[in-house]
Amino acid sequence: AGMSGADLANVVNEAAMLAGRERHDEVHMVDFDNAYNRIVLGAQREDLVNEDEKRVIAFHESGHTLVAMLLKHTDPVNRVTIIPRGRALGATQQTPERDRYNLNESYLKDRICVMLGGRGAEKLMLGEVSTGAGQDLKQATQMARRMISHWGMSERIGPSAFIDEEDHVFLGRSMSQGRHFSEDTAKLIDEETRKLMNTAERTVDELLQQHRGKLERLAKRLLEKETLEGDEVKAILNAPEPEVAVHQQAGQA
């Protein structure tokens, strides 16, 4: 889902080349998995990540994964890894069950929450955030701003589109158009974007605090195995919480 015919052909060709390098007599499912990871996430890197950084990455990716699994309007998680690939130190893969042509408000809000899940987990479990959340914040803010200014998903602004920059590609170059709305409107868009982001952050913080035990279990397993498939993630999150023994002091009823 979400891939064009050309994208699928690219995965098949990459899988065939990987199968040849491994001297397989045919293309196996593992070759398709590796090809998909290589194309979507980038080639695996041989970075020597120290144990402290690895722990941060494990909590970060566990935060993305847990929020994605807990919220209703999200795509299924099919893999989470803390192995560096491409420019990323880790990744949480979500694959839609079908092609999406229209994105509703509920899906977009939950998507922003998933993006903020890594930062929220770092803040909760480590007491501070890292630069690893930089790209997440950028993408989440861009999506929130589009919801407010492009798609009319703000009651204060209403059914209007305020697009301040539109790129027209011509001969490989882009031309930026000027802004066609007032400073007051720009300020209102900023306020509504910030409100949407802050609401998403509160939702994430509450979810992670409420399910802190699951977050810890997931991060611990990631540190042990480095890559978890979707079924493994479900098993970890669905495992019963350990019972806490309550000891009564002598003389108490």
Side-chain angles (χ1 to χ4, degrees), residues 1-7 39-42 60 63-65 67-78 86-88 91-120 123 129 131-208:
M3 284 191 163
S4 66
D7 294 329
I39 290 171
V40 174
L41 301 177
H60 184 100
H64 286 309
T65 301
V67 173
M69 297 290 283
L70 292 173
L71 292 176
K72 182 179 179 180
H73 306 285
T74 58
D75 295 320
V77 174
N78 67 307
R87 296 182 179 180
T92 299
Q93 288 184 18
Q94 291 177 263
T95 304
E97 296 176 324
R98 63 186 186 279
D99 289 322
R100 290 183 179 273
Y101 301 101
N102 287 303
L103 306 177
N104 58 36
E105 187 174 355
S106 298
Y107 174 84
L108 293 172
K109 286 182 176 179
D110 282 3
R111 183 66 192 140
I112 290 174
C113 287
V114 173
M115 292 177 187
L116 298 180
R119 182 178 183 274
K123 184 171 58 175
V129 297
T131 58
Q135 189 64 19
D136 296 329
L137 286 173
K138 178 181 178 181
Q139 292 177 356
T141 305
Q142 288 175 343
M143 182 172 289
R145 180 171 289 274
R146 289 192 184 103
M147 290 174 66
I148 300 303
S149 62
H150 289 43
W151 302 324
M153 296 179 180
S154 165
E155 291 185 2
R156 290 182 68 191
I157 292 180
S160 301
F162 299 100
I163 303 175
D164 58 354
E165 186 175 288
E166 193 170 355
D167 291 337
H168 298 273
V169 178
F170 178 70
L171 296 179
R173 304 175 67 179
S174 65
M175 298 179 295
S176 178
Q177 295 183 338
R179 192 175 68 192
H180 300 295
F181 50 88
S182 68
E183 288 294 332
D184 288 341
T185 299
K187 182 179 178 181
L188 182 58
I189 291 171
D190 288 341
E191 291 174 354
E192 289 293 279
T193 300
R194 189 176 299 110
K195 178 182 176 182
L196 182 55
M197 291 289 289
N198 289 340
T199 300
E201 183 182 44
R202 285 195 298 271
T203 298
V204 168
D205 290 345
E206 290 172 3
L207 276 176
L208 294 178

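Computed over heavy atoms, backbone and side chain alike; hydrogens, waters and symmetry mates excluded.
With sequence neighbours excluded, no residue forms a side chain to side chain donor-acceptor pair (under 3.5 Å) with R194. Remark: E192 engages R156 in a salt bridge (Lys or Arg N to Asp or Glu O under 4.0 Å) (not counting sequence neighbours). Evaluation of the side chain to side chain donor-acceptor pair (under 3.5 Å) rule for T185 yields S182 as partners, not counting sequence neighbours. Residues that satisfy the side chain to side chain donor-acceptor pair (under 3.5 Å) test with T92, not counting sequence neighbours, are E61, T65.
You'll find the side chain of L71 reaches within 4.5 Å of the side chain of L207, heavy atoms only. You'll find the side chain of M147 stays beyond 4.5 Å of the side chain of T193, heavy atoms only.
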Verdict with supporting geometry, R145 and D190, side-chain contact (heavy atoms from CB on, under 4.5 Å) = CA-CA 8 Å; R145 180 171 289 274; D190 288 341; 2.5 Å; yes

List the atom pairs, donor and acceptor, that lie under 3.5 Å between side-chain atoms in residues 135-143 and the rest of the protein, sequence neighbours left out.
unit_1 : atom_1 : unit_2 : atom_2 : d
D136   : OD2    : H60    : NE2    : 3.0
D136   : OD2    : H64    : NE2    : 3.1
T141   : OG1    : L137   : O      : 2.7

Please report, to 0.1 Å, the donor-acceptor pairs under 3.5 Å made by any side chain of residues 105-114, with sequence neighbours excluded.
unit_1 : atom_1 : unit_2 : atom_2 : d
E105   : OE2    : K109   : NZ     : 3.2
Y107   : OH     : D75    : OD2    : 2.7
D110   : OD2    : H73    : N      : 2.9
R111   : NH1    : Q94    : OE1    : 2.8

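Atoms CG and CD1, on L188 and I157 in that order, are 4.5 Å from each other to the nearest 0.5 Å. Within the model, atoms CE of M197 and CZ of R202 stand 12.0 Å from one another, a figure rounded to the nearest 0.5 Å. Considering CD of E201 and CG of L196, their distance stands at 12.0 Å, rounded to 0.5 Å. Atom CZ of residue R119 and atom CG of residue L208 lie 12.0 Å apart, to the nearest 0.5 angstrom.
Closest non-hydrogen pair, L116 versus A200, comes out as CD1-CB, 3.8 Å. For S149 against I189, the heavy-atom pair with the smallest separation is CB-CD1, 3.9 Å.
With D7 contributing its side chain and S4 its backbone, the two residues share a donor-acceptor pair below 3.5 Å.
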